[in-house]
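Notes for the one structure printed next.
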Amino acid sequence: MKVIAGVDIGNSTTETALVRLNEEAGCNFIASSIVQTTGIKGTVENIPGIITALKDVTKKTGISVKDIDLILLNEATPVIGDVAMETITETIITESTMIGHNPSTPGGEGLGTGKIIDITDLDSCKDEKVICLIPKEVDFETAAGMINKALEKGVDVQGAVVQKDDGVLISNRIAKNMPIVDEVSEIHKIPKGMPAAVEVAQQGKTIKTLSNPYGIAIVFGLSSEETKMIVPIARALIGNRSAVVIKTPKGDIKERKIPAGSLTISGEKNSLTVDIQEGSAKIMETAEKVWPIADVTGESGTNVGGMLERVRLLMSEVTSQEISSIKIQDILAIDTMLPQKVRGALAGEFSMENGVALAAMVKTSRLPMEQIARKLKDELGIEVHIQGVEANMAVLGALTTPGSDIPIAIIDMGGGSTDAALMNKERKITSIHLAGAGDMVTMLINSELGLDDIKLAEDIKRYPLAKVETLYSIRLEDGSVKFFDRPLEPELFARVVLLKEDVMVPLPTDHSMEKIRNVRRRAKREVFVTNVLRALSKISPTNNIRHIPFVVMVGGSALDFEIPDMISDSLARYGIVCGRANIRGKEGPRNAVATGLVLSYISGR
């Protein structure tokens, strides 16, 4: 009797299938396991995760890792996702600074313009419009008294900027209606003596003048060239109820841009160059023209050039290969909107900028996998074989789904890549390995919602949303209402929450439920539906998706609560029957590759 372990190293998880092989009784699958992948897929850093997976699967059967006679590995190809865009992270807005953080309690309403002064200097102002600064040391009653006194003396106070959250309290105590923006934590950085504009909209409405570049130009008397420079400010203020824009001394703030750059996509016969600013559709169209891709390079000194160099450098470091030998065999480009911090802002303002998200698949030699196999053998004293390509193994695993038969096509949707394979009636397998899957969806959610929290973005990807409307009811994202016999926790009231298993997790963001849902669904559609259609067209013998009758979905992303339905809907128009696999009738869409590794070994004996 022989014990064999099939180990599938994925971008996110490492899955194992354990088998007892008996010459008389045949093959008997006895256990399976799944753990987090350690390190970057396809590198020696995967070994601790592999060992953990083996310990976990043997523990379930009452044997030890030492009882395993053979370990079978998949050929693992790493995929790295990043964003390349014309960023304004390093763009400093010329001759302007701004405050537009939308405090919850602005005071008054309207548009006020004037010179910035400290509230203690109000008495010295004559015959000019002023905007006064109120630091935290001055309480609201004192501030209101000083403003009223100045107004009685004829000082034209047009508005105020307050450090504490006293906007409404001050507004209720002064004799003139004026815009007051509060909660400006870095008020000490505001340059005094400079012209400024303060705008507060009526409750329920948004500002009109300072969110319009031409409105800012009129207020400050800007030239056409200067108006171009303040466009990011105006865009950052769109949708706000309040804002402050201040013209700073010439030369105080300068502008520097790092361009998005261009991609050169090389095929076997020719190379084409495409500018990132032309968008994802043009990039993917260019990639198709030179398919199959031999390598992708980025323009030196640009965002996309830097991104691809980081990919090569990282893979060079973890695989000990020369940078020049590392090639990118596929890319997936998706248009996105990214919040970018505006330099010159005094309260963390952001501007939504167009960007292109890129997932790059690195083609490395077989050497890294051989290093993994060799080191794993040295550590465990067990024979290790690299059995086959992921997609081919997944087909064999998918065939263990009850009711399946050849010809069969599979879509393996993991964390880093979307793989597809087709087995025809002669059992010949055609496969493709494409960049972009679950990790890219998470990255898009994290970027577009400005979360800066990958774990939270991953949860938003995996779980449905709801809005807590009362302490006894929530409105689900599909519009239905759910009621409760007992009151919910008070801190959940009026919050958008994730329905995570049997727990409601409030989201630390001001985005509406509709916005979060739209971002999540769009990211899934753009990544998975796009890649599924790409993959199936490439494995079809006629390059026509309609000639593939059946598709089985495997991999971790096939467990998602909405991705399979999106894919099934997109394939229904081609007359394709599509559904989730159930590996060995018990594993669901998981464990296809690990199971296929073992079956491949047995059939090849």
Take I328 and I293 through the side chain to side chain contact (heavy atoms under 4.5 Å, CB included) test and state the conclusion after the steps. CA-CA 8 Å; I328 292 173; I293 296 172; 5.8 Å; no
R520 and E477: CA distance, side-chain angles, deciding distance, salt bridge (charged side-chain N to carboxylate O under 4.0 Å, His left out) verdict: CA-CA 12 Å; R520 183 195 73 214; E477 63 176 64; 2.6 Å; yes
Trace of the side chain to side chain contact (heavy atoms under 4.5 Å, CB included) decision for I516 with T509: CA-CA 10 Å; I516 298 170; T509 173; 4.1 Å; yes
Could you go through I68 and L18, starting from their C-alpha distance and side-chain angles, then the distance that decides it, and tell me whether this counts as side chain to side chain contact (heavy atoms under 4.5 Å, CB included)? CA-CA 9 Å; I68 297 175; L18 195 64; 4.2 Å; yes
Criterion side chain to side chain contact (heavy atoms under 4.5 Å, CB included) on F528 and M413, from CA distance to verdict: CA-CA 8 Å; F528 283 107; M413 302 178 293; 3.6 Å; yes
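Here the side chain of R546 pairs a donor or acceptor atom with the backbone of R573 at under 3.5 angstrom. Between the side chain of K327 and the main chain of S324, a donor-acceptor pair closer than 3.5 Å is present. Looking at S32, its side chain never comes within 3.5 Å of a backbone N or O of A17 through a donor-acceptor pair. With hydrogens and angles ignored, the 3.5 Å screen pairs no side-chain donor or acceptor of S262 with any backbone N or O of E299. Checking side-chain atoms of N46 against main-chain N and O of I40 turns up a donor-acceptor pair under 3.5 Å. Within the 3.5 Å criterion, the main-chain N or O of L444 finds no donor-acceptor partner in the side chain of S447. Side-chain atoms of R312 come within 3.5 Å of backbone N or O of I326 as a donor-acceptor pair. At least one donor-acceptor pair under 3.5 Å links the side chain of S557 to the backbone N or O of G414. Proximity of a side-chain donor or acceptor of N446 to a complementary backbone N or O of D453 within less than 3.5 Å is detected. Put simply, the side chain of E383 never gets that close to the backbone of L70: no donor and acceptor are under 3.5 Å apart.
Using a 4.5 Å cut-off on side-chain heavy atoms (C-beta onward), L272 and V274 make no contact. Within the 4.5 Å cutoff, the side chain of L422 has no heavy atoms near those of the H547 side chain. Contact of the E75 side chain with the I386 side chain is registered, since non-hydrogen atoms from C-beta on lie closer than 4.5 Å. Using a 4.5 Å heavy-atom threshold, the side chains of Y574 and L536 count as separate. By the 4.5 Å heavy-atom criterion applied to side chains, Q329 and H433 are counted as neighbours. Side chains of I583 and T401 form a contact here, defined as non-hydrogen atoms less than 4.5 Å apart.
Under a 4.0 Å N-O distance rule, the pair K289/E285 qualifies as a salt bridge. The pair K538-D330 fails the salt-bridge criterion, with no side-chain N (NZ, NE, NH1 or NH2) lying under 4.0 Å from an Asp/Glu carboxylate O. Residues R525 and E562 are not paired through a salt bridge, judged by the lack of any N-O separation under 4.0 Å between the basic side chain and the carboxylate. The existence of a salt bridge linking K461 and E458 is confirmed by a sub-4.0 Å separation between a basic side-chain nitrogen and an acidic carboxylate oxygen.
A 6.0 Å sphere centred on CG of D452 holds no more than 12 heavy atoms belonging to other residues, nucleotides or ligands. Heavy atoms of other residues, nucleotides or ligands lying less than 6.0 angstrom from OH of Y463 number more than 12.
Judged by distance alone, the side chains of S12 and T37 never bring a donor and an acceptor atom under 3.5 Å apart. There is no side-chain donor-acceptor pair under 3.5 Å between E587 and T595. Residues D335 and S280 have side chains that bring a donor and an acceptor to within less than 3.5 angstrom of each other. Side chain to side chain, S540 and N544 fail the donor-acceptor criterion of an N or O pair below 3.5 Å.
When each of D69, I71, L72 is checked for a side-chain contact (heavy atoms from CB on, under 4.5 Å) with I4, only L72 meets the rule. Here the rule is side-chain hydrogen bond (donor to acceptor under 3.5 Å, both in side chains) with T264, and of T273, T286, D295 only T273 fits it.
Taking all atoms of both residues into account, the shortest heavy-atom contact from I372 to T43 is CD1-O, 3.2 Å. The two residues M369 and G42 come nearest to each other via the heavy atoms SD-CA, 4.2 Å. Across N531 and T418, no two heavy atoms sit closer than the pair ND2-OG1, 3.5 Å. Shown here for A594 and D8, the closest heavy-atom pair between the two residues is N-CB, 3.8 Å. Taking both residues in full, the closest heavy atoms of A421 and I429 are given as CB-CG2, 4.1 Å, listed atom of the first, atom of the second, then distance. Heavy atoms only, all atoms of each residue included: A333 and I283 are closest at CB-CG2, 3.8 Å.
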